Amino acid sequence: MGGKSDIGLIGLAVMGQNLALNIESAGYQVAVYNRTPAITEEFMKERGVNRRLKPAYNLEEFVKVLELPRKIILMVKAGPPVDQVIEGLLPFLEEGDIIIDGGNSFYRDTERRARELKEKGIRFLGTGISGGEYGALYGPSIMPGGDESAYREVEEIFSKIAAQTPDGPCVSYLGGGPAGHYVKMVHNGIEYGVMELIAETYDLMRKGLGLSPAEMGEIFRKWNKEQQSYLLEITGEIMDREDPETGKPLIDLISDHASQKGTGKWTVQEALDLGVPVPTITAAVNARYLSAYKEMREEFYHLFKAAEGKKFLAGIDGERDLLKALEEGLFLATVIAYGEGMDLLQRASREYGYNLPLAEVARIWQDGCIIRSNLLKQIQRIYREKGETASIILSGEFSKEFAGRIGSLRWLVGLAAEAGIPLPAFSAALAYFDSLVAGELPANLIQAQRDYFGAHTYQRKDKEGTFHTEW
Ligand code: NBP
C-alpha cells in the first residue's frame, strides 16, 4: 500500500483495534503499531485484510509513514505506559506534530503531559473516548481537550468516526489542558452511579419480590422504552442470557465481586477536593469496595442474616405498586447521579478555568457512550434554555418529576431498609435530595460543637458578626 497514512494509532488491544478499523472505514489510511509485534501481525491477518492499514514494527518506521503534521492516537493502558510510549516517540517527532491520548488517563497526568510536550513543540490532546469496544468500532462519544489548533487538524476525522445523532456527531472541543479527560472521568463517575442504581433495583426485585432474571429482563425492557438508556438496555439483555453449560441464567452464576479501574474513585476524590457533594456516585464506589469483602460478608451473613430466611415484599403492598415505585425511584435517583456529575463539571470548569460547554457535554453524551440516555436531551435543553449554571434537579421538567414522584423513592428506600436489603446509592440519592430541599440542616449543632472544642466560632441567625461562647 503506497502513500503516507493520514493518522497513526498505537496500542492494538480491544479499543485500539476497533478504533483503527472505524477510522479506516471512514476513508482514512491508518498506520498501526503495538508494543508486542505478534498482536499487530495477528490483527493484520485477522481483521486487517484488504483494509487501508499500514502495520509498523518499530516506532521509527511508524512515525515515518505518517502525513505531516503527524497525528498519533495512543490507545494504551492508562498510567506509565502512556509516558513510556511518548518517550519512545519523541526522538522521531517534529514541532507541530500531534499526540492524542485516547485512553482513560488521570487528568492530572494529562495536564503534566500537555505542559511537558508544549515545551517540546508537540501538540497534545487528552481525549476521552467512551462506548466500549462496540462504540470504538461503530461510533464512540469523543471528548477532546487540549491544544485547540491540534483539535482543528483532527476534527474532520473525529466527526466522521463519532456516533452520529440528529444534533450532530458526538464530539466537541471541550477546552484547554486536561478538560477532555476531566469530562471523561466525570462521565465514568456518573456511569458508576447509574450502574449501582440499576444493580440495587435488580437486588430489590430478586430479593424483595422473588422475580426471576427473565421476568426482570422484561421489566427493564419495558422501562427502557421511555428512557432509552444504554445501561438499562444491556441490563435487560444480561437478564435473558443463559449459561450454555448449565442452562441456568448466567447472571446467577456470576460472582458478586465488582472490579474497578479507578475513574469512579478519581471522580469522588476530585469532588471531595473541590467540595462538591456527589453522594450517589460515592455510594456506588463504596458499594464496589464492599462487594470485595466477600469472605467477611459470608461470615456475617451466617451470623446475622441466614436465620431470617427469605422474606418477600410482594405481600406487603402489592408487587405492582412496588414495581411502579422502583421505576419512578430509579428515574429520580438516576437524574440525581447525572446532576451530581454535572455539578462537579460546573465547579471544575470555574475552578480550573476550563470553560466547559456543558450543553455540548450533554449533547455529545447523547449517543456512543455508556451513559447515553434520553435524560441527556433534557439536560442539554436545560443548559441551553436556562444557562449552564442551572441545577438539573431544580429545573423545569425535572423539578416537576421530583415534586410528583419523590414519594416513590422515599417509600422504596424505607421498605428496603425494613427488609434489610441494602440500597446504598438509592438511600444516598434520597438523603441528598432531602438535604438540598431542607430549609434547616443540623449544621448549627456542628458549628456549636466546633466552637465548643476548638473555639472555631460561629455565625448567628439573629445578628451579623462572628461569635464564640465559653461553653
Ligand atoms: P488496555 O488498557 O488493556 O491496554 C493494553 C494496550 O496497552 C496493549 O496494546 C498493550 O500492548 C499496551 N501497553 C501496555 Br499494557 N504497556 C505498554 C507500554 N509500556 N508501552 C506500549 N504499550 C503498552 O487496552 P484497552 O482495554 O483497549 O484500553 C485502551 C485505553 O482505552 C485504556 O486507557 C482504557 O482505560 C481506555 N478505555 C477502555 C475501554 C474499554 O471498554 N476497554 C473503554 C473506554 C476507554 P501489548 O499488547 O504489547 O501488551
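Predicted model only: the values in this text are computed from it and were never measured. Order of appearance sets the numbers: ligands from 1, and atoms from 1 within every ligand.
- Counting non-hydrogen atoms of neighbouring residues, nucleotides and ligands closer than 6.0 angstrom, the CZ atom of R241 reaches no more than 12 such neighbours.
- The protein heavy atom nearest to atom 19 (N) of ligand 1 is Q84 OE1, 2.6 Å.
- If you check each of D83, T263, D101, V76 against atom 30 (C) of ligand 1, the one with the closest non-hydrogen atom is V76.
- Atom 26 (O) of ligand 1 has as its closest protein heavy atom V14 CG1, 3.6 Å.
- With 3.5 Å as the limit, one finds no donor-acceptor pair spanning the side chains of R350 and Q346.
- For ligand 1, none of its N or O atoms has an N or O atom of E133 under 3.5 Å away.
- For atom 29 (C) of ligand 1, the closest heavy atom belonging to the protein is M75 O, 3.5 Å.
- Those atoms of ligand 1 with a heavy atom of L12 less than 4.0 angstrom away are 9 (O).
- A salt bridge does not link E191 with K184: none of the charged nitrogens is closer than 4.0 Å to a carboxylate oxygen.
- With I39, N188, T36 as candidates, the residue nearest to atom 48 (O) of ligand 1 on a non-hydrogen basis is T36.
- Taking every heavy atom of G11 and a limit of under 4.0 angstrom, the matching atoms of ligand 1 come to 9 (O).
- Residue contacts with ligand 1 for V85 involve side-chain atoms from C-beta outward but no N, CA, C or O (heavy atoms, distance under 4.0 Å).
- For atom 5 (C) of ligand 1, the closest non-hydrogen atom of the protein is A13 CB, 3.7 Å.
- When distances from atom 11 (O) of ligand 1 to the protein are checked, a heavy atom turns up under 4.0 Å.
- When each of I86, I99, I72 is tested with I122 by the rule side-chain contact (heavy atoms from CB on, under 4.5 Å), just one qualifies, namely I99.
- Remark: of the listed residues I98, I23, I10, I23 is the sole one forming a side-chain contact (heavy atoms from CB on, under 4.5 Å) with I73.
- If you check which protein heavy atom lies closest to atom 44 (C) of ligand 1, you get I129 O, 3.3 Å.
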Original post:
Can D147 and K118 be said to form a salt bridge (charged side-chain N to carboxylate O under 4.0 Å, His left out), step by step?
Top reply: CA-CA 9 Å; D147 187 304; K118 192 168 183 196; over 6 Å; no

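- Taking a cutoff of 4.0 Å between a charged side-chain nitrogen and a carboxylate oxygen, R115 and E111 do not qualify as a salt bridge.
- When only non-hydrogen protein atoms are considered, atom 14 (C) of ligand 1 lies nearest to R35 NH2, 3.6 Å.
- Considering only non-hydrogen protein atoms, atom 47 (O) of ligand 1 sits nearest to N34 ND2, 2.8 Å.
- Side-chain atoms of W223 and Q227, non-hydrogen and from C-beta on, never get closer than 4.5 Å to each other.
- Checked against the 6.0 Å centroid threshold, F402 and F398 do not count as a close aromatic pair.
- Backbone and side-chain nitrogen or oxygen atoms of N104 are examined, and one is located within less than 3.5 angstrom of a nitrogen or oxygen of ligand 1.
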**OP:** Would you please test S291 and H257 for side chain to side chain donor-acceptor pair (under 3.5 Å) and show each step?
**Re:** CA-CA 5 Å; S291 79; H257 168 183; 5.4 Å; no

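- Among all protein heavy atoms, the one lying closest to atom 41 (O) of ligand 1 is G132 CA, 3.5 Å.
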